[in-house]
Amino acid sequence: MSSPPFALNPALDATALAARFARDGRLQIVDILAPESATMLHAMLRERTDWRQVLNSGGRVMELDRATRAAMSEEQRAALDTAVYAAARAGFQYRYETIRVPDDEAARRTSDDPLAAFASWLSSGKPRAFLRMVTGADGIDFADAQATAYAPGDFLTGHDDAVAGRHRHAAYVLSLNPMWRTEWGGLLLFHAGDDGWAQAVEPRFNTLNLFRVPQMHSVSEVTRAAAYRRYSITGWLRGQ
Ligand SMILES: O=C(O)CCC(=O)C(=O)O
Ligand SMILES: [Fe+2]
């Protein structure tokens with residue numbers, strides 16, 4: 001399969017964005033991609049059927065593909081929900097759907113998944129140079145990546161993204177939601193400091209959120225009113 005074409009929006013001002021990132025340690029870049037690239041990615045995510053629900057049970061990760069979930073009884077699903085929300089009361093907990101992308105460039109090249117092509121594209125040439133410039137992190141070698149979809153009831157509690165040995169210079173979230181309401185939840189929350197003010201980011205279309213690691217953040221629960229799942233491509237800009 002030939003690689004799908006991806007392009008950055010040529011109007012972005014990397015110098016101005018870099019100044020803001022340096023000042024705040026976080027940044028929202030509206031219209032990050034050429035519109036056709038974002039439209040293609042969004043359509044692709046909506047069509048995919050290979051999503052796997054991931055959730056943690058203490059330190060263990062559970063992954064349930066759609067067939068496995070469909071085969072569960074109502075009682076099993078309810079018991080799992082109860083366990084997930086009980087654990088979220090005080091601890092670190094998440095539940096959302098994912099499609100993973102390999103970190104390895106050779107594996108990405110042999111994949112026919114457009115998400116692998118996107119991760120490769122983001123990890124070299126102009127996009128990587130742009131991300132290095134905006135974050136001021138010359139040590140960025142590649143972007144790891146996964147697609148995520150948060151359905152009603154899905155969430156990710158507070159954490160700071162710091163994992164020893166992963167060389168994460170910054171986190172990124174490319175939001176791909178043509179229509180969203182604040183009330184639907186699924187907000188990327190930067191937690192409050194002593195002053196009690198938190199910052200909430202709506203998951204808009206073709207918008208890249210970039211933030212320095214570590215800092216405390218979470219994704220608020222998507223409500224039952226949400227008409228769509230919350231789609232993103234997300235990961236970290238990493239050194240080798
Ligand atoms: O989807 C988001 O807005 C943030 C995701 C996140 O924090 C993570 O995956 O570590
Ligand atoms: Fe995170």
Side-chain angles (χ1 to χ4, degrees), residues 21 24-30 32-33 38 41-42 45-46 48 51-56 59-63 84 87-88 91-103 115 118-119 122 131 135 137 140 142-192 198-223 226 228-238:
F21 188 86
D24 300 335
R26 63 178 82 132
L27 177 65
Q28 181 160 189
I29 308 178
V30 177
I32 175 82
L33 302 178
L41 287 168
H42 171 247
L45 294 183
R46 281 201 68 168
R48 298 283 289 244
W51 292 98
R52 299 166 76 82
Q53 188 184 56
V54 286
L55 54 95
N56 65 315
R60 228 160 39 89
V61 181
M62 280 180 74
E63 280 203 25
V84 162
F92 173 62
Q93 183 66 43
Y94 57 83
R95 191 186 76 192
Y96 54 85
E97 284 180 283
T98 183
I99 302 172
R100 296 186 199 286
V101 175
D103 287 351
L115 286 169
F118 179 76
L122 199 62
L131 294 167
T135 57
I140 292 171
F142 74 107
D144 66 16
Q146 63 171 330
T148 62
Y150 286 68
D154 288 350
F155 63 90
L156 166 62
T157 63
H159 63 284
D160 69 8
D161 282 347
V163 178
R166 295 270 174 96
H167 310 290
R168 293 171 170 175
H169 291 282
Y172 74 90
V173 184
L174 170 63
S175 293
L176 291 162
N177 304 290
M179 158 58 192
W180 199 261
R181 289 182 60 155
T182 310
E183 298 91 328
W184 291 355
L187 305 171
L188 170 59
L189 299 175
F190 291 99
H191 289 200
Q199 196 174 35
V201 183
E202 285 187 9
R204 293 196 177 172
F205 188 63
N206 194 14
T207 296
L208 187 79
N209 272 276
L210 265 180
F211 51 99
R212 214 177 267 140
V213 176
Q215 55 183 310
M216 273 302 283
H217 60 281
S218 58
V219 178
S220 70
E221 184 178 335
V222 172
T223 74
Y228 308 99
R229 296 189 303 157
R230 173 202 195 258
Y231 292 109
S232 325
I233 299 173
T234 181
W236 293 275
L237 308 177
R238 288 169 55 185

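Read the numbers this way: they start at 1 and go in the same order the structure lists the ligands and their atoms. In this text the structure is predicted, and so the values were computed from the model without any measurement. Side chains are part of it too, since the values below use all heavy atoms of this structure and drop only hydrogens, waters and symmetry mates.
Under 4.0 angstrom from ligand 1, there are no non-hydrogen atoms of Tyr172.
Exactly one of Trp180, Tyr96, Phe155 qualifies for a ring-ring contact (aromatic ring centres under 6.0 Å, His included) with Tyr150. That residue is Tyr96.
When hydrogens are left out, the protein atom nearest atom 3 (O) of ligand 1 is Arg230 NH2, 2.7 Å; that is the closest non-hydrogen contact. In terms of protein heavy atoms, atom 7 (O) of ligand 1 is closest to His217 NE2, 2.9 Å.
Those atoms of ligand 1 that come under 4.0 Å of a heavy atom in Val173, given as number and element, are 1 (O), 2 (C), 3 (O), 4 (C). If you number the atoms of ligand 1 from 1 as listed, the ones under 4.0 Å from a heavy atom of His159 come out as 6 (C), 7 (O), 8 (C), 10 (O). Ligand 1 places these atoms under 4.0 Å from at least one heavy atom of Val219: 1 (O), 2 (C), 3 (O), 4 (C).
Checking Gln93 against Thr157 by side-chain atom types alone, no donor-acceptor pair falls below 3.5 Å. Arg204 and Gln28 form no side-chain donor-acceptor contact under 3.5 Å, judged by distance and modelled atom types alone.
Around CZ of Phe205, the count of heavy atoms belonging to other residues, nucleotides or ligands within 6.0 Å exceeds 12.
At a cut-off of 2.8 Å, Asp161 coordinates the Fe ion (ligand 2) through an N, O or S atom.
Considering backbone and side-chain N/O of Asp161, one or more are found under 3.5 Å from N/O of ligand 1. Inclusion of Trp236 in the set of residues having an N or O under 3.5 Å from an N or O of ligand 1 is not warranted.
When the Fe ion (ligand 2) is compared with the N/O/S atoms of His159, atom NE2 turns out nearest.
Here Asp144 does not pair with Arg166 in a salt bridge; the nearest charged N to carboxylate O distance is not below 4.0 Å. Ion pairing of Glu97 with Arg48 is absent here, as no side-chain N (NZ or NE/NH1/NH2) approaches a carboxylate O to less than 4.0 Å.
Checked against a 6.0 Å centroid threshold, the rings of His217 and His159 count as neighbours.
The distance from the CG atom of Leu131 to the OH atom of Tyr172 is 9.0 Å, given to the nearest 0.5 Å.
In the candidate list Leu156, Thr234, Leu174, Leu156 is nearest to atom 8 (C) of ligand 1, counting heavy atoms.
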